[in-house]
Amino acid sequence: MAKVVINQEKIDNIDEVLKLCPFNAIELIDQKIEINSACKMCKICVKKGPKGAFEFVENLKKEINKDEWKGIAVYVDHHEGDIHPVTYELIGKAREMAKKVNHPVYCVFVGKDIKDKCDKLISYGVDQVFVYDNPEFEHFRIEPYSRAVEDFINNIKPTIMLVGGTTLGRSLAPRLAARFKTGLTADCTILDIQENTDLDQIRPAFGGNIMAHIHTPNNRPQFATVRYKIFSEPEEVESPNGKITLCSISKEKLVSNINVLDSKPKTKEVGLEEAEVIVVASRAIKKQDDMDMIYKLADRLGAQVAGTRPLIEAGWIDPRRQIGLSGRTVKPKLIITCGVSGAVQFVAGMQGSDYIVAINKDEKAPIFDVAHLALVGDIYEIVPKLIEKIEQKQLEVALSVEE
């Protein structure tokens, strides 16, 4: 970390100093020279400015008392009090990490008429749920929600803040991280904690070609977002003893520039994340009409159809059905991949599946490294045979029931 330090007493000609920066990063505020966010660290001001007026300082480390920050907090993602399952997954991971450093686990729950919906959170072993229940939180508006969570962080000082990688969470987390001038790692796939409470945040980077290991050692709290189905939902505890704390915040802080005029409920559908059986099509499908073979296999298994990026880009499959880093993360009981090579980007989105059946004619395909059952051969030969076997078995079962 580096910065340019300004020695005001060594500046005689303010007008000349203001002309130094080609990026207009030097400005006059309250009769003092300041450097704004346009600074490129080009050091022109240091080289051409008045002697000693500008100093380039490297390796500045922010000192922080980590003992002041305690606890691992989970933001409760919900819609009208209906808690998103990713919240429970994050609670499980928070409990796992908190046990290592003997810290409590918190939840911060923001909404309207939600006081009576905290028991489920407590049943998963949360030590304390902080509830901001206010009419202003009826609809999600980024300013009031951010101020509520900011108030929680200022008062409780959790060392880690976990947020679900949902549409709402991806809006909230970066705004909060910016307010606390701290780091945020998005779409983490692995989380762990060190003895000094530094959070180990690991996520795929550069298209999944490397795994980035990220630390935030000099700032608190440490923010991370995690997609749904990355971690497993924990078991409920036998004798929960957590408590619920109702929090208040002044209405002046809940003013928003957003006015919700109307809201329309979205038609509910079973998404890939909830599917128990999935059949995945890939670039091995030669033409769009051949997708009928994939849909037929899925129909016989009561499965949903998903695809890899090439088929999404070809327009053969809905973009919401893409699996991988740039698509959905799934954890079905059974997944059948048809011709999928097994690139890191794809595997990261489905490696938590209970049972993986991979079909590929290349016996060295990376997908076989994670598969429980490998079928080496052409999908145009194997898939029709699978359909035939399934139909035969289903017929046998139906006949035995009739008898």
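Hydrogens, waters and symmetry mates are skipped; everything else that's a heavy atom, side chains included, is used. Everything numeric here is computed off the predicted structure, so don't read it as measured data.
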Nearest heavy-atom approach of P158 to W69 is O-CE3, 3.2 Å

R321 versus Q304, side-chain donor and acceptor atoms under 3.5 Å: yes

Closest heavy-atom pair, A224 versus L191, reported as atoms and distance to 0.1 Å, is CB-CD2, 4.2 Å

- Are any of the side-chain heavy atoms of D187 and V226 separated by less than 4.5 Å? no

- Side chains of T245 and Q128, donor plus acceptor under 3.5 Å: yes

Any idea how F223 and F180 line up, ring-wise: parallel (<30°), tilted (30 to 60°), or perpendicular (>60°)?
tilted

Do I367 and S341 make a side-chain contact, defined as non-hydrogen atoms from C-beta onward lying under 4.5 Å apart? no

Step by step, would you call E138 with V260 a side-chain contact (heavy atoms from CB on, under 4.5 Å)? CA-CA 10 Å; E138 179 177 4; V260 180; over 6 Å; no

* Under 3.5 Å, is there a donor-acceptor pair between the T166 and D77 side chains? -> yes

Kindly say whether T197 contributes a backbone atom to a donor-acceptor pair with the side chain of Q222 at under 3.5 angstrom? yes

Problem - N196 versus D198, side-chain donor and acceptor atoms under 3.5 Å - result: yes

Output for pair (T329 OG1, I230 CD1), nearest 0.5 Å, gives 4.0 Å

**Message:** Set out, in order, the CA-CA distance, both residues' side-chain angles and the distance that settles side-chain contact (heavy atoms from CB on, under 4.5 Å) for S146 and R179, then state yes or no.
**Reply:** CA-CA 9 Å; S146 295; R179 291 189 180 190; 3.9 Å; yes

message = For the aromatic rings, using the six-membered ring if either is Trp, is the centroid distance between F130 and Y106 under 6.0 Å?
response = yes

One should read off an interatomic distance between I202 CD1 and H213 NE2, to the nearest 0.5 angstrom, of 4.5 Å

Just by distance, with hydrogens left out, do Y124 and E235 show a side-chain donor and acceptor under 3.5 Å apart? no

d(H78 NE2, T87 OG1) to nearest 0.5 Å is 9.0 Å

_cation_pi(K112, Y132) dist<6.0 Å, angle<=45_ = no

Would you say the ring centers of H79 and F140 fall short of 6.0 Å from each other? no

